[in-house]
Amino acid sequence: MTNTPSNTLVLAGTGKTGSRVAAKLTELGLGNRTAARSGAEVRFDWDDPTTHSPALTNVDRVYLVAPVMRTEFGDQVSSFLDLAEAAGVRHITYLSAFGIDHAPPQVAHRAVELDLMGRAAITHSILRPAWFMQNFSETFLKPVDGVITVPTGDGAEAFVDAEDIAAVAAATLANPSSHAGAQYAPTGPDQLTIREAAHVIGSVIGRTIRHVDIDRRAWVDAVIGSGVPADYGETLTVLTETMASGSGSRPNDDVHRVTGRPPTSFAQFAERTASAWAVEVAG
């Protein structure tokens, strides 16, 4: 595949990684089109197939993000890949999940990976990142009243900056031939427990932040009660059990190997993101 000219469709283009991938492709001078249910350049809704073909017009690469907060989406994504192949797409970079290469084929993320591996007309790169550092600033690990409540015990994780995930993704999309068939697991440089991450955040904002472990079932029920789909509860259970059991991601050199620069440390992330915890400082 030639590297230029190209045009990449960035799914979840307003999301945590998609928006960053689009920005990095633009910085590289590469054409891209963001797609999402709203707020993007083109409308794309996994539950509205009429939005799929129009989004694929005049693109040859796709940053693929599957439906979020779901456990069953393999058939939906497979149908989309059929359309993409027919439309002339020749490379897919897929945002999968940590450890999915060990999952059975009926697990949706693994099903998508295997689907991609079986397509001769499309090359692919697969990303299986560690937990995002941005979970501490944007979603379920964000401190509330000085506390991060999550059932992970003393388990550790090599939390990764979404900027680094996006940089790896952009590199694969910029030069697909160099990353065809590649499987990367972007991580940060350090493996931290939630307690250690909380200490880093507290040091940056000048306030004590604590990790409070909690019964896993009670935590999952509370998350579901806040609006997360019930069938996603099992995914949350597995994620937290994996970390608590000591099987969380470990640092590797994938970010450096692909981008040529070291991954962002959690301390660097916290310094850069301090404003996200302004309420905690005020409290």
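All of these numbers come straight from a predicted model, not from anything done at the bench.
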With heavy-atom distances below 4.5 Å as the criterion, would you say the side chains of [X] and [Y] are in contact?
X	Y	result
Gln76	Arg70	yes
Leu95	Leu64	no
Thr172	His124	no
Thr8	Val62	no
Thr14	Ser19	no
Thr139	Gln134	no
Arg43	Asp48	yes
His211	Thr152	yes

Kindly work out whether a path of hydrophobic side-chain contacts (I/L/V/M/F/W/Y, heavy atoms less than 4.5 Å apart) joins [X] to [Y].
X	Y	answer
Met117	Leu81	no
Phe98	Val65	no
Val212	Ile209	no
Met69	Val238	no

Which residue pairs pass the side chain to side chain donor-acceptor pair (under 3.5 Å) test when at least one of the two sits in residues 218-238, sequence neighbours left out?
->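 Qualifying pairs: Arg217-Asp221.
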Pairs in or reaching into residues 25-35: which pass side chain to side chain donor-acceptor pair (under 3.5 Å), with residues at least two apart or in two chains?
-> Thr26-Asn32, Thr34-Glu41
Decide side chain to side chain donor-acceptor pair (under 3.5 Å) for Tyr63 and Thr17; before the verdict, give the C-alpha distance in whole Å, the side-chain angles of both, and the deciding distance to 0.1 Å.
-> CA-CA 10 Å; Tyr63 178 63; Thr17 63; 2.8 Å; yes
Can Arg90 and Thr123 be said to form a side chain to side chain donor-acceptor pair (under 3.5 Å), step by step?
-> CA-CA 6 Å; Arg90 291 298 173 260; Thr123 60; over 6 Å; no
Take the angle between the ring planes of His52 and Trp46 and call it parallel below 30°, perpendicular above 60°, tilted in between.
->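 Aromatic pair His52/Trp46 classed perpendicular.
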Tell me whether [X] at atom [atom1] has more than 12 heavy atoms from other residues, nucleotides or ligands lying less than 6.0 Å away.
X	atom1	answer
Asn58	CG	no
Asp101	CG	yes
Arg37	CZ	no

Scan side-chain atoms only and decide if [X] and [Y] contain a donor-acceptor pair under the 3.5 Å cut-off.
X	Y	result
Gln268	Asp161	no
Thr51	Asp45	no
Thr93	His91	yes

What's the shortest heavy-atom distance between [X] and [Y], and which atoms?
X	Y	value
Ala36	Gly13	CB-N, 4.3 Å
Leu236	Val228	CD1-CG1, 4.3 Å
Lys24	Ala170	CB-CB, 3.9 Å
Pro186	Val255	CB-CG2, 3.9 Å

Looking at residues at least two apart in the chain, or sitting in another chain, which of them share a salt bridge (charged side-chain N to carboxylate O under 4.0 Å, His left out) with Arg119?
->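 Residues passing salt bridge (charged side-chain N to carboxylate O under 4.0 Å, His left out) with Arg119: Asp82, Glu85, Asp115.
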Given Asp164 and Thr264, is the side chain to side chain donor-acceptor pair (under 3.5 Å) satisfied, shown in steps?
-> CA-CA 7 Å; Asp164 290 336; Thr264 305; 3.2 Å; yes
Basic-acidic side-chain contact under 4.0 Å: Arg210, Asp145 =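 A salt bridge is absent here (no side-chain N lies under 4.0 Å from a carboxylate O).
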Output yes when Glu113 and Arg128 qualify as a salt bridge under the 4.0 Å nitrogen-oxygen rule, no when they do not.
-> yes
Check Phe269, Phe136, Phe132 against Phe159 for a ring pair (Phe, Tyr, Trp, His ring centres under 6.0 Å) and give me the one that passes.
-> Phe136
Does the ring centre of Phe44 sit less than 6.0 Å away from the ring centre of Phe80?
->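 Judged by ring-centre distance (under 6.0 Å), Phe80 and Phe44 do meet the cut-off.
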